[in-house]
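Hydrogens, waters and symmetry mates are skipped; everything else that's a heavy atom, side chains included, is used. Order of appearance sets the numbers: ligands from 1, and atoms from 1 within every ligand.
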Amino acid sequence: MGLLLKILVPFVGLVLAFCFYSKEDFNPEMLKGKRVIVTGASTGIGEQMAYHLARMGAHVLITARTEAKLQKVVTRCLELGAASAHFMNGSMEDMALAEDVVKEAKHLWGGLDMLILNHIGYTYFNYFDGDVEHIRKLLEINFLSYVAMTVSALPMLKESGGSILVVSSKAGKIGIPFVAPYSATKFALDGFFSSLRQELIIKNISVSITLCILGHIATETAEKTVSHVMQKPGAPKEECALEIIRSGALRKRELYYPYTAHCLAIDLAQASLLDESLENKAG
Ligand SMILES: NC(=O)c1ccc[n+]([C@@H]2O[C@H](COP(=O)([O-])OP(=O)(O)OC[C@H]3O[C@@H](n4cnc5c(N)ncnc54)[C@H](OP(=O)(O)O)[C@@H]3O)[C@@H](O)[C@H]2O)c1
Ligand SMILES: *[C@@H]1O[C@H](CO)[C@@H](O)[C@H](O)[C@H]1NC(C)=O
Ligand SMILES: *[C@@H]1O[C@H](CO)[C@@H](O)[C@H](O)[C@H]1NC(C)=O
C-alpha cells in the first residue's frame, strides 16, 4: 500500500498537472485580425496552419516554391474567412527571398504579429553519403533563411509584441540514424532560437519564441519517405497545425507533438537546466 501510494500519488499529480498545464485557455479569437507569415505553406503542416489561421480570421502571407499550389491555398484561405491572403513564391536557398517576404508583410500590413518558420528543403532518408555540399545547401534552406527572416522581422515583432514559431523535430533534440543532414539543421535551430529567447527575456523584449518538436506526422512527404520504417501511423497534420498555432498564441517555450513519455523526459530535463541557467544569470 505504502509503495503503491508512493508511486501512484506523484503519478496522478503529474497527470493532473499536465492536464491543467495543457488546457490553458486558448481562444481562436486571439488570432483574429493578426498578421501572420507562414513559410512552406503550399502543402503539409504549413498548408493546414494557413487554413486554421484563415478560419480564425487572420491575415496570411504564405510562401513556398510552387506558385500553382500557393495560388490554390490562398483561394481556399479566402473561402475559409481569412481577413486577407497573399503568397510569394521562390526558394529559401536565396536569403534575398527570405528578406523580401518580410518586406512584403510590411508593405501589405505595415506590421507583423506572428512569424511561422516551417519550410524544409528536400533531403534523403538513408546512411550519410558524405555529400558536404548537400549539408551546406540544407543548412541554408532549413536554418540560415530562418535566421534571415527573424532578423528582418524583429523590428515589426518588437513593435507588436509578436511571436516567432519555429517548427523542428525530435531529430532536432536527439540524434537518430538516416537523417544526419536534416538532424544537423534542426539542432542548429534549437541552439540559435533557444539562445535568442533567453536574450530577449534578459532584455525584457516582448517577442516570444516557440520551438515545436514534432514526431511523425502524416503529411504526403513523410508518408513517402519515412512511413515504411515507422511502427505506428503518423499523427494528423490538421491537429498538429492547430497545436502549433495554439502554443505560439500562448507564448510557450516549446511544444512537443505528439506528446509521449519520451517528450516528457526531454522537456523536464531541459526545464530544470533552463531554470538553473536563468538563476545563474540573475544571481
Ligand atoms: N511530417 C513529419 O513527420 C514531420 C516530423 C517532424 C518535423 N516535421 C517538420 O514540420 C515541418 C513541415 O513538414 P511537412 O511534413 O509538412 O513538410 P512538406 O509537406 O514536405 O512541406 C514542406 C514545405 O516546404 C516547401 N519547400 C520545399 N523546399 C523549399 C525551398 N527550397 N524553399 C522554400 N520552400 C520550400 C514546400 O513547398 P515547395 O515544394 O512548393 O517549395 C512545402 O510547402 C518541417 O519543418 C519539418 O521538418 C515534420
Ligand atoms: C514564381 O513562380 C513562377 C511560375 O512558376 C516563376 O516563373 C517565377 O520565376 C517564380 N519566382 C521566383 C522568385 O522563383
Ligand atoms: C519590462 O517591460 C514592461 C513593459 O513592456 C515594463 O512594465 C517593465 O517595467 C519592464 N521591466 C524591466 C525590468 O525593465
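Interface of S168 with ligand 1, defined as ligand atoms under 4.0 Å from a residue heavy atom, comprises 7 (C). Near G44, the atoms of ligand 1 lying under 4.0 angstrom from a non-hydrogen atom of the residue are 16 (O), 19 (O). Near A222, meaning under 4.0 Å from one of its heavy atoms, ligand 1 places the atoms 1 (N), 2 (C), 3 (O). Listed by atom number, the atoms of ligand 1 under 4.0 Å from S91 heavy atoms are 30 (C), 31 (N), 32 (N). Proximity to A41 (heavy-atom distance under 4.0 Å) selects the following atoms of ligand 1: 43 (O). The atoms of ligand 1 that sit less than 4.0 Å from any heavy atom of L214 are 6 (C), 7 (C), 8 (N), 10 (O). Near H216, meaning under 4.0 Å from any of its heavy atoms, are these atoms of ligand 1: 3 (O). Counting the atoms of ligand 1 from 1 in the order shown, those under 4.0 Å from a heavy atom of M92 are 30 (C), 32 (N), 33 (C).
Of the N or O atoms in G40, one or more lie within a sub-3.5 Å distance of an N or O in ligand 1. Between I45 and ligand 1, a contact under 3.5 Å exists for at least one N or O pair. Any N or O atom pair closer than 3.5 Å counts here, and H119 shares no such pair with ligand 1. Between R65 and ligand 1, an N or O atom pair is found at a separation short of 3.5 Å. Residue S91 has no N or O atom closer than 3.5 Å to an N or O atom of ligand 2.
F143 is not connected to Y182 by any chain of hydrophobic side-chain contacts under 4.5 Å among Ile, Leu, Val, Met, Phe, Trp and Tyr, and they are in different clusters.
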Show the distances, to 0.1 Å, for all pairs joining an N/O atom of ligand 3 and a protein N/O atom that are shorter than 3.5 Å, listing one pair per line.
| from | atom 1 | to | atom 2 | distance (Å) |
| --- | --- | --- | --- | --- |
| ligand 3 | 2 (O) | N204 | ND2 | 2.4 |
| ligand 3 | 11 (N) | N204 | ND2 | 2.8 |
| ligand 3 | 14 (O) | N204 | ND2 | 3.1 |

S42 and E47: CA distance, side-chain angles, deciding distance, side chain to side chain contact (heavy atoms under 4.5 Å, CB included) verdict: CA-CA 5 Å; S42 63; E47 176 185 3; over 6 Å; no
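The closest approach between any non-hydrogen atom of E47 and ligand 1 is not below 4.0 Å. At least one heavy atom of G215 sits under 4.0 Å from some atom of ligand 1. At a 4.0 Å cut-off, not a single heavy atom of G234 sits close enough to ligand 1 to count as contact.
Contacts of Y122 with ligand 1, taken as heavy-atom pairs under 4.0 Å, are absent altogether. For A171, no heavy-atom contact with ligand 1 is shorter than 4.0 Å. Using a 4.0 Å cut-off between heavy atoms, V167 contacts ligand 1 through both its backbone and its side chain. Only side-chain heavy atoms of T221 come within less than 4.0 Å of ligand 1; its backbone N, CA, C and O stay farther off. Residue-level proximity to ligand 1 for I141 is carried by the side chain, the only part with a heavy atom below 4.0 angstrom.
Of the N and O atoms on the side chains of E238 and Y51, not one donor lies less than 3.5 Å from an acceptor on the other residue.
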Tell me which donor-acceptor pairs under 3.5 Å the side chains of residues 122-132 have, and how far apart each pair is, sequence neighbours excluded?
| from | atom 1 | to | atom 2 | distance (Å) |
| --- | --- | --- | --- | --- |
| T123 | OG1 | H134 | NE2 | 2.9 |
| Y124 | OH | D129 | N | 3.1 |
| Y124 | OH | D129 | OD1 | 2.9 |
| D129 | OD1 | D131 | N | 2.9 |
| D131 | OD1 | E133 | N | 3.1 |
| D131 | OD1 | H134 | N | 3.0 |

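The closest protein non-hydrogen atom to atom 40 (O) of ligand 1 is T66 OG1, 2.4 Å.
When all heavy atoms are compared, the tightest approach of L31 to A249 is CD2-CB, 3.9 Å. Contact record, A105 with M156: CB-CE, 4.5 Å, taken as the closest heavy-atom pair.
Of all the listed residues (V226, I120, V166, L138), I120 holds the heavy atom that lies closest to atom 22 (C) of ligand 1.
Just one residue in the list L196, I201, L154 forms a side chain to side chain contact (heavy atoms under 4.5 Å, CB included) with V207, and that residue is L154.
Judged purely by atom type and a 3.5 angstrom limit, T185 has no side-chain atom pairing as donor or acceptor with the backbone of L139.
The structure places CG of L80 at 10.0 Å from NE2 of H52, a figure rounded to the nearest 0.5 Å.
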